[in-house]
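From a predicted model like this one, the values you see are computed outputs, not experimental measurements.
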Amino acid sequence: MSGNGLFLGLDFSTQQIKAIAVDDSLKVVSEAAVQFDTDLPEFRTQGGAHQHDDGLTVTAPTAMWVKALDLLLSKMKTSGFNFNGVKALSGTGQQHGSVYWKTGAGSTLQQLQPDKTLYEQLKDSFAVSDSPIWMDSSTTAQCRQLEQAVGGAQKLADITGSRGYERFTGNQIAKISQNNKAAYDNSERISLVSSFAASLFLGNYAPIDHSDGSGMNLLDISGRKWSQQCLQACASGLEGKLGEAVPSFENLGSISAYYADRYGFSPDCKVIAFTGDNPGSLAGMRLQGGDIAVSLGTSDTLFLWLQQPSPALTGHIFCNPVDGDAYMALLCYKNGSLMREQIRDGCAGASWEKFSQALQSTPMGNNGNIGMYFDVQEITPSAVGVHRFNSADQKVESFPPAVEVRALVEGQFLAKRAHAEMLGYSVGCSTRVLATGGASSNTSILQVLSDVFKAPVYILDTANSACLGCAYRAKHGWLGSSKLSFQEIVQGAPEYKLAVTPNSSAKQVYDPLVGRYKRLEDLVAGQ
């Protein structure tokens, strides 16, 4: 095995760049971070981005990410970090964002001079100086063009795992090729944020990995290669600018000599393919076959491990970052903890204790009362407002406070189970629900989650899960993914703690309710 080696995970996220190092037993031994807004104020970002006047376009200065890496590594060097002990590194980037390397940038990357910063050498290497990022929603026309070109939204989902989404990279590339052809033509390579970051360490263009590549509306997820149909619909000559896509655990080779000379990295340190932040989180949460992870935060996110996906018009299916034969699904919900807090304040005297008592005092299934609570426009389903139904499926204006509390929590989890099943997920006898985020500390909420999914719920503190997951992935790629599974690599990581188990009658209550909820949701979405 690796003896006393270190494994480094890096996270190029929306608001910061972060590094976490783990030792051979996967214990975190070092952390460092650079905040874009406060540490690099000259770029004048808010939340790491620039919101444009049209209210739709959102970008980030590409060179800022380069300068942030200079600053991060300098901080680590000053603190005495043992760069020479790093056996391998990997990383993650905010999904969907794109970087446009101008003609000639590749040779600059290959000839980095250790007496100069990356920023000095690379700041003029980009054909587009402001990278489109995941918050951008300016490409509706390109989404519709792509869907039309391949035979409709469902057909695009069947090929790429998702219908056309404005933030997805293929549509962003199409917009640039249409509106700024000179910049597109002058781009010798187009990277995702993740493969851009890997390129900085490799001193050469790093390939896009299958998992992050699944968030582009360009990759054929079943064949794990670019879809010619989608490439042609987005822009001419695109395949040559993207390069070949590779498995997410691929060993890309040794780190650039620049890092050995400037920071003291071992010349043998390996760079393992970087991936997107959501796939990185799946690795950090150590999902296994059949697992579901639910992040209960400001927005709620559902991660699923799938063997046989069924792409739908809602949610996303990506190639799995730690298993070359599996998939992962992702569902995002805007109305998460803020909605729970609003109902807590209105129906439980602003007290979580009273909120929990309301859940405990009402029966599973809520006597047939169902609620859907969308304070802001929801993603899945596309709906807004509060919608309450009694046991006869009739719309009602209000519920008693305790019924309202249970209707909210049950409704949120019924939606997650219904949408997961639509994407090909089925709860089995070995299913575990892994809960993270603020609401995972509330046992009464977790009990409803457990009952709705008919599965035990486990909890783990997974702060910085994407970054940590990439430190784990670095070790997996370094040891050789063909020799050892990711699950074998992470066996020594901290254990999940069992929080709750489902009630014995949960199945007979919630199995029929899931179907009923879905019918009512379709009704609400169609209004």
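- Side-chain atoms of Thr160 and Tyr165 include no donor-acceptor pair closer than 3.5 Å.
- Other residues, nucleotides and ligands place more than 12 heavy atoms under 6.0 Å from the CD atom of Glu42.
- Here SG of Cys143 is found 3.5 Å from CG of Asn171. Values are rounded to the nearest 0.5 Å.
- Ring geometry, Phe486 versus Tyr472: the interplanar angle falls from 30° to 60°, so the pair is classed tilted.
- Side chains of Ser138 and Glu166: a donor-acceptor N/O pair is absent below 3.5 angstrom, by distance only.
- Atom CG of Leu296 and atom OG of Ser337 lie 9.0 Å apart (nearest 0.5 Å).
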- Walk me through it: do Arg519 and Leu523 pass the test side chain to side chain contact (heavy atoms under 4.5 Å, CB included)? CA-CA 6 Å; Arg519 286 196 306 278; Leu523 194 71; over 6 Å; no
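- When the side-chain hydrogen bond (donor to acceptor under 3.5 Å, both in side chains) test is applied to Glu421, the partners found at least two apart in sequence or on another chain are Arg417.
- In this structure, the side chains of Asp11 and Asn464 stay at 4.5 Å or more apart for every pair of heavy atoms.
- Donor-acceptor pairing under 3.5 Å is recorded for the side chains of Gln95 and Asp212.
- Among residue pairs with one or both ends in residues 133-142, none qualify as salt bridge (Lys or Arg N to Asp or Glu O under 4.0 Å); sequence neighbours excluded.
- Here OG1 of Thr380 is found 11.0 Å from CG of Asn335. Values are rounded to the nearest 0.5 Å.
- The side-chain tip of Lys454 does not point at the ring of Tyr510 from less than 6.0 angstrom away and within 45° of straight on.
- Contact annotation: the side chain of Leu218 approaches that of Cys234 to within less than 4.5 Å [non-hydrogen atoms, C-beta and beyond].
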- So Tyr425 and His419, side chain to side chain contact (heavy atoms under 4.5 Å, CB included) or not? Walk me through it. CA-CA 9 Å; Tyr425 187 83; His419 302 149; over 6 Å; no
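- To the nearest 0.5 angstrom, Phe318 atom CZ is 5.0 Å from Leu330 atom CG.
- The two residues Leu219 and Ser214 have their closest heavy-atom pair at CD2-OG, 3.9 Å.
- Ser248 and Asp209 share a donor-acceptor pair across their side chains, judged by distance under 3.5 Å alone.
- A cation-pi arrangement is found for Arg224 relative to Tyr327, the charged atom lying closer than 6.0 Å to the ring centre and inside a 45° cone about the ring normal.
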- Task: Determine, step by step, whether Asn366 and Val403 satisfy the side chain to side chain contact (heavy atoms under 4.5 Å, CB included) criterion, reporting the C-alpha distance in whole Å, the side-chain angles of both residues, the deciding distance to 0.1 Å, and the verdict.
- Result: CA-CA 7 Å; Asn366 213 10; Val403 174; 3.6 Å; yes
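- Within the model, atoms OG of Ser177 and OH of Tyr184 stand 6.0 Å from one another, a figure rounded to the nearest 0.5 Å.
- At least one side-chain heavy atom of Leu408 sits less than 4.5 Å from a side-chain heavy atom of Phe355.
- Relative orientation of the His96 and Phe168 rings is parallel, given thresholds of 30° and 60° on the angle between their planes.
- Salt-bridge annotation for Asp291 and Arg432: present, with a side-chain N of the basic residue lying under 4.0 Å from a carboxylate O of the acidic one.
- A salt bridge links Asp300 to Arg340: at least one charged side-chain nitrogen sits closer than 4.0 Å to a carboxylate oxygen.
- Here the NZ atom belonging to Lys507 is positioned 14.5 Å from the CZ atom belonging to Phe453, to the nearest 0.5 angstrom.
- The number of heavy atoms from other shown groups lying within 6.0 Å of CD (Gln148) does not exceed 12.
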